[in-house]
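Shown next, in structure tokens, is the structure this report addresses.
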Amino acid sequence: MEDNMTNTNGETAASAAVKDAAPPPKSRMLRQPEVLARIGVSWMTLRRWEDAGLFPRRVKLGPNSVAWYESDIDEWCASRKTKFVAVAR
């Protein structure tokens, strides 16, 4: 016989484990044209930066589509502003 103990939220241990197992989505995904518009460089420059580890890695969505997490792009942009401010002083 299974033990259906519930927690203070009224969930069974099994349902709580399933709920905790799935992490929330990281952020919305940005496709190439939006990323290029935000950072203001060419596709080739973006590709070089990514290959050199200077830009967040893309996520493959399907056989012919890629995207980037918006939060990764925002963090990268913020880090670049910090570097430029430090150099300008």
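Residues take their numbers from the sequence shown, with the count starting at 1. Every value quoted in this text rests on a predicted model; they were computed, and no experiment measured them.
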Test side chain to side chain contact (heavy atoms under 4.5 Å, CB included) on Ile39 and Cys77; report intermediate values, then the result. CA-CA 8 Å; Ile39 63 173; Cys77 289; 4.2 Å; yes

Should Arg31 and Val35 be marked as a side chain to side chain contact (heavy atoms under 4.5 Å, CB included) after you check the CA-CA gap, both sets of side-chain angles, and the distance that decides it? CA-CA 6 Å; Arg31 299 296 303 272; Val35 171; over 6 Å; no

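Think of Met44 as one node in a network of Ile, Leu, Val, Met, Phe, Trp and Tyr side chains linked at under 4.5 Å; it has no links at all.
Counting only residues at least two apart or on different chains, the ring pair (Phe, Tyr, Trp, His ring centres under 6.0 Å) pairs with a member in residues 28-54 are Trp49-Trp76. Evaluation of the salt bridge (charged side-chain N to carboxylate O under 4.0 Å, His left out) test over residues 36-45, restricted to residues two or more places apart or in two chains, returns Glu34-Arg38, Arg38-Glu70, Arg38-Asp74.
Met29 and Ile73 are members of different hydrophobic clusters when ILVMFWY side chains are connected at heavy-atom separations under 4.5 Å.
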Taking only distance into account, with no hydrogens and no angle test, what donor-acceptor pairs under 3.5 Å do side-chain atoms of residues 55-65 form with protein atoms, sequence neighbours excluded?
residue : atom : partner : partner atom : Å
Arg57   : NH1  : Glu50   : O            : 3.1
Arg58   : NE   : Glu50   : OE1          : 3.0
Arg58   : NE   : Glu50   : OE2          : 3.1
Arg58   : NH2  : Glu50   : OE1          : 2.5
Lys60   : NZ   : Pro63   : O            : 3.4
Ser65   : OG   : Gly62   : N            : 3.4

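Taking all atoms of both residues into account, the shortest heavy-atom contact from Ser27 to Ser71 is OG-N, 3.0 Å.
For the side chain to side chain donor-acceptor pair (under 3.5 Å) test, no residue two or more places apart in sequence or in another chain qualifies with Gln32.
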